[in-house]
Structures are given as structure tokens and as C-alpha cells.
Amino acid sequence: MEALHFMPSKNLSLKLVEHRVFDSSFSGVRQVGFASLLSGKRKENSFCVRARSYKEDGNGSEFVSRRSSGNSQNKEPEEGVLLGAERDDTGSVVGFQLIPHSAISDERILETQETEANGFDKLSEEIETGDTISPRTTYNVVFVTSEAAPYSKTGGLGDVCGSLPVALAARGHRVMVVSPKYLDPSDKKFANAVDIERRAKVYCFGGVQEVGFFHEYRAGVDWVFVDHPSYQRPGTPYGDTYGAFGDNQFRFTLLCHAACEAPLVLPLGGYTYGEKCLFIANDWHAGLVPVLLAAKYRPHGVYKDARSIIVIHNLAHQGVEPAITYKNLGLPPGWYKALEWVFPTWARTHALDPGEAVNVLKSAIVTADRIVTVSQGYSWEITTPEGGYGLHELLTSRKSVLTGITNGIDNNEWNPSTDEHIPSCYSVDDLSGKAECKIALQKELGLPIRPDCPLIGFIGRLDYQKGVDILLSATPDLLQDDIQIVMLGSGEKQYEDWMRHLESTCKDKYRGWVGFNVPISHRITAGCDILAMPSRFEPCGLNQLYAMRYGTVPVVHHTGGLRDTVQTFDPYAKEGSGEEGTGWTFSPLTKESLVSALRVAVGTYSKHKPSWEGLMKRGMEKNTSWENAATQYEQVFDWAFIDPPYAG
Ligand SMILES: Nc1ncnc2c1ncn2[C@@H]1O[C@H](COP(=O)(O)OP(=O)(O)O[C@H]2O[C@H](CO)[C@@H](O)[C@H](O)[C@H]2O)[C@@H](O)[C@H]1O
């Protein structure tokens, strides 16, 4: 059976060019297909090509999506289309691909990019790197995230989605970040975002929801904020003092649908991003994006040339809800298996509980083209039963597309020589300002002002992951020594109360600041001598990176990204060998080993000043910029586009 299809799309006048495809990868199945070429005026001269094919097996035909490659015999389109040659392993031309002009759809990047004649939407830049000139492919990148600093932030996800897009844009990519427009009591965060006056209808949860889009172009990035009444409520992006919001599945389903529409409908800087883009879905909140591409769009010929990456910042949160909620997600019934999740017997609530659920992060893992985690150590940990949170087998099965890339940090925001939140700036060449920051912090906290007294800090969400309980239980022992401790955090009430209790009993040595406060977090990072991070698991961890940049020596549990980024001090290493270390990692995670690691650090601080200064300086000189991580992301982007879409 042969079929000829073309998919009309908005604002496009159609031109159909027959394009027969023989695909040898389906043995025993006669494969016939066509590519429908749609040329027209989306914006100026932008085009897209879509390929569909049918396999015929005697039992009727079934739709399968393929890219037009292999032994294809292509006809040139009749006019106005730019085609690039596809070659097989021997270099013979076996097909052609259309190069849409949407990639040069923004005057801001028009000047620096030129179309390349051998791939979809590929723009090639000649990047000068020292003496050599290396070609780089740039992409239309769409980040989807529940938080992005400075607009919204509850933790490291906000930091990463606020700074990695900027780093990628600086390297020539066209980058959009899609996140919710939350309620902002200060009316400052979204003050520069303007209503684009485009609405999208989202069919989910048994009805139609209309979302709006706000936009701000800043630091080379298109920041897009999805507007819907469900984001307009007091609290954090995820909950309030009564706990997590009960409709988070709804709120983030909306975000994912809206994010998939954004590249198609938003004329940012005058032009849409178009269909050939790369979605970077962050954590479970954005996890439906790869599934929607495969289940909702590709069957209709849309996003056939898009790719998706799921970035796992924290596997402990997976977006698990009862199975019955599947019908709310706006997905076709046939895709249930992608989300299906069955709890092990021991985790069920009662004997008759079948344990059936939907798991959004799992669905992203089984449909995304590539998987990235935020450090190499963590990328291995999540393939083990201990670190995989039930997903280790699945992740192991996709190990070949799983990459660990250690986060960078925003060196503008976290820079001791320019930081506007700290009382005295300093640098690796002149550390005097750090001593002043310590005195100012002791003063601000109402602690005795003692420049030589070791000051230990902790900053983080107060939850099980961060090992707060271990630190709090170790604190009375630690306070036997001549030290001071300050903790900043908010989260589980039991830990907040524990901090308040400790403060009331050890007023001259301990401060517990309950709350979320970015300026204070900078002042603690600058003013402390030591930062403790006894995390049970840590996908990457940013505070240890900030600490090192501020000459504050980290003492961390030997896990995940902490193990990857902190090198234990070796007093016997040859000076200048680079092996001397930047802090201490400890294991196992017990109160005793935490106390002993911190005592070693305190001893070094008090008795070995030159060694301490070396530790501080090596940390400050460590290259933790996004540049390094961004190049690794680019490699993953390239890999994603080498393969055909993994699902759909
Ligand atoms: N009370 C408070 N006041 C002010 N600021 C506070 C604060 N509590 C936390 N922060 C800030 O939130 C960020 C926390 O970042 P982390 O990477 O340490 O953890 P998080 O677990 O949120 O992130 C997850 O995602 C990131 C990003 O990938 C991974 O590094 C990490 O391992 C993973 O768990 C830091 O910028 C910190 O200063």
C-alpha cells in the first residue's frame, strides 16, 4: 500500500514533492514512503520538510516515522529550496535535506551565522580558538524548567537554568527558556517581561486551558514566562506552608504543553524558533516534553526534526501520581506504557492496592533522545540500586545516551571581587576583604566577634537529601570545641525547629537562620572559613563550588558531584603538583566521620596557616565557569542530532 501525505501547517502554502524512500532497516517489510515538502512563507523564506513512511506487512499498514535517509532517490524540489547532501559511509550522496531558514530567524544572530549546506537548521560558525579555527554547529535551544534565576529560584535548578542558557547563547546558540510566571509580591522580577499577546489552548484535565506568554530578552536569551492563574498564588513554585500544592501535576502539565507550542507560535525578535529545535527538559516538571513531541506532535508531522534531552538534577523527585490521572495529561491513550509505573509490593498502601501510578520522569527517560545528569559521579550512581530510586534498570538500559556534565557557576553573580551582597570585596591576590567579611558576618549574626575563631557554615534546603539531621546531631559535639557555626536554610519543619532549639541553647556559638535569603547566602559563603555539606546524595551541588570561589574550604560527603568537585587535602603532596587538594571529602556519612573531618579542617585552619592559605587559593583558582560545561553540552547536542528521534 502506498500513501502520499502532506501535513498542512499554519501560514504555509503547500508544495508537494514526491520522495520515495526505501528503508532496508525493516527486513521482510516492504517500505514505501514519501516526503512532503512544504514550502511557503512562515517568515520570509523558511521551509520545512517532513517525511512519513508506511510499512506494509500484509496485515494492513502501520505508520512509522523515518527520516529521509538510506537508499533514497530524491527529486529536487522545484523551486526556492536549499538542499544539503546526505552521504553514506563511503561518501556517496544518498539523499538531500532541506535547510530551513528559520535558523537565521533572528536579526540578533543573523550577523554571526551562516547557513550550512549539509544539515537541517545547522548554522556554522568559524570559532577562533587560539591558532586553530574549529567549526561549531549552533542550535535553536528551548529550555523548559519550573524555575530560572533570577525570576524564580528555590535551589540549584533555578541557578542552572538561569545561567547555562546565557552561556549557550554567548556561544552563538539561539536560546529560549520557558518557565511559569509565578506570583511576585515584589512586582520586580517580571517587571521587564511584556505580554506577547499570543495565547495557546491546552487540552488537558478534561477541558481547555488558555495560557498566555510574557517575554523578556536579556543576556542574549529569550526568557518566556507562561501565564496562567494556577501560577498566581503565594508560596514557592511548588507549595506553601501547608505543603506541596495538590495540583502540581496540572500546573506542570500546562507548562510542558505551553513550552511545546512556544517555538511554533511565538515570534520572538520577529521570528519563531520553528520546528527544528532542541528541547532541554529539566527534571520531572518538564518531563512531559519529550513524550509530547513523540505522542502529540510527531504523528501529525510536527517536530519530526526536533530532539529532546532530559536533564536530571534530582532523581528523588519523579512526578508520580495515581494511574487514573493519565487521562488528564493530554496524551493519546496508546502512550500509557511510557508513563506506567508500578510500585513494589512493599511500597503499596494496603493489600488491595495494585500500586499502579504514572511517573513523569520515567516517561522522559524512555522517550528523550539523550539523558544528562549534572555530574559524572551522579550519572553512575543513578544506574545503581542505591542511587537509582527505582529507575536504575531503566537508566542502565539507556546508558549509551546517558552523560554526566558537572554544572558550572555564574561567575558574575558569584564573584568575591565584585559581589554587591558582601561588605568587602576580595580576590585571590588580596584576601584581606575576606577577614572583614567574617567580622561583619559575626556582627550581623550577633556572634562574638572573633576573627581567629573557626567559623563553619551550612547553606541549603532543609531536607533528608542534604543530611541536615547528621549535621544537627553532630553540632553539640562540635560546639565542645572553640568554633562557631551558622546554618541557613528552610524546609522541613522538624529541622527548622531543631535549628531554633540549638540557637536558644548555644547562643554564643551557634546561629540558625531559618528562611530563604540570597544576600545572606552570599555573606555566609564569604564570611565563613569552612562550608559543611553532609549531603546523603548530591547530583552536583553548587554551594561547594561557590564556597571554593570565595576561599571557603568545603568539607563534604564523598558522594555524587561533591566527590567529583572537591579534592581532599593531602599535606604531603608535592607543592605545585596540583595534588594538594581543595577541601575534604569524608565517608561513611555518619555523625562521627563528619565530626572528625571537620576537626581535621579546623585543626588545619588553626595550626597550619600556610596550608590553609594554599587550600583557599587553589579553590579560588579552580575553573568552575559554565564555558567548560557548555562545550560538553554542545557535544551532546551534536550526538542528539546524529541519531533519528528516539521516540515517535
Ligand atoms: N535558605 C537559602 N537561602 C538562600 N539560598 C539558598 C538557600 N537554600 C539553598 N539556597 C541556594 O540554592 C542553591 C542550592 O543549590 P544545590 O545545587 O546545592 O542544591 P539543590 O538540591 O537545590 O539542587 C539540585 O540541582 C542542582 C543543579 O543541578 C544540583 O547541583 C544539586 O545537586 C541538586 O540537588 C544554591 O544557590 C544555594 O545558595
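Remember, it's 1-based here, ligands and their atoms both numbered in the order they're listed.
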For atom 19 (O) of ligand 1, closest protein heavy-atom neighbour: Lys466 NZ, 3.1 Å
With Thr585, the side chain to side chain donor-acceptor pair (under 3.5 Å) member among Arg563, His558, Gln544: His558
Under 3.5 Å donor-acceptor, Arg370 side chain and Phe637 backbone: no
Aromatic centroids of Phe641 and Tyr139 separated by under 6.0 Å: yes
Within-cut-off N or O pair, Gly515 and ligand 1, under 3.5 Å: yes
Between Phe225 and Tyr151, ring centroids under 6.0 Å: yes
Asn407 side-chain N/O to Cys540 backbone N/O, donor-acceptor pair under 3.5 Å: no
Under 3.5 Å side-chain donor-acceptor pair for Glu413 and Tyr546: no
Nearest neighbour in protein (non-hydrogen) for atom 34 (O) of ligand 1: Gln465 NE2, 2.9 Å
Atoms of ligand 1 close to Pro539 [distance to a heavy atom under 4.0 angstrom, numbered from 1]: 32 (O), 33 (C), 34 (O)
Under-4.0 Å heavy-atom contact with ligand 1, by part of Asn407 that carries it: side chain
Per-atom contacts, ligand 1 versus Val374 - under 4.0 Å to a heavy atom: 28 (O)
Within-cut-off N or O pair, Gly156 and ligand 1, under 3.5 Å: yes
Atom 3 (N) of ligand 1 - nearest protein heavy atom and its distance: Asn517 N, 2.9 Å
Proximal ligand 1 atoms for Lys153, defined as those under 4.0 Å from one of its heavy atoms: 11 (C), 12 (O), 36 (O)
Under 4.0 Å to a heavy atom of His313 - the qualifying atoms of ligand 1, by number: 24 (C), 25 (O), 27 (C), 28 (O), 33 (C), 34 (O)
Closest non-hydrogen atom pair, Asp419 against Cys425: O-SG, 3.6 Å
Atom indices of ligand 1 within 4.0 angstrom of Glu538 heavy atoms, with elements: 31 (C), 32 (O), 33 (C), 34 (O)
Closest to atom 9 (C) of ligand 1 (judged by heavy-atom distance), picking from Ser535, Ala547, Gly460: Gly460
Ligand 1 to Val160 polar contact by distance, N or O atoms, under 3.5 Å: no
Nearest-option assignment for atom 5 (N) of ligand 1, heavy atoms, candidates Tyr546, Phe458, Phe516: Phe516
Distance under 6.0 Å and angle within 45° of ring axis: Arg398 vs Tyr646: yes
Side chain, backbone, both or neither: Asp159 near ligand 1, heavy atoms under 4.0 Å: side chain
Nearest-contact summary for atom 17 (O) of ligand 1 - protein heavy atom, Å: Leu542 N, 3.1 Å
Heavy atom of Gly561, distance to ligand 1 below 4.0 Å: no
Gap between atom CG of Leu478 and atom CD1 of Ile485 - 0.5 Å precision: 5.0 Å
Side-chain donor or acceptor of Thr384 paired with backbone N/O of Trp380 under 3.5 Å: no
Nitrogen or oxygen atoms of Ile459 and ligand 1 under 3.5 Å apart: no
Heavy atom of the protein closest to atom 37 (C) of ligand 1 (residue, atom name, distance): Asn543 OD1, 3.3 Å
Nearest-contact summary for atom 30 (O) of ligand 1 - protein heavy atom, Å: Gly541 N, 2.8 Å
Candidate pair Arg536 and Asp469, rule salt bridge (Lys or Arg N to Asp or Glu O under 4.0 Å), full reasoning: CA-CA 10 Å; Arg536 285 199 163 73; Asp469 50 327; 2.7 Å; yes
Side-chain (Ser179) to main-chain (Glu147) donor-acceptor, under 3.5 angstrom: no
For atom 12 (O) of ligand 1, closest protein heavy-atom neighbour: Gly155 CA, 3.3 Å
Arg461, Met533, Gln544: member with heavy atom nearest to atom 21 (O) of ligand 1: Arg461
Side chains of Val602 and Ile456 in contact at under 4.5 Å (non-hydrogen atoms): yes
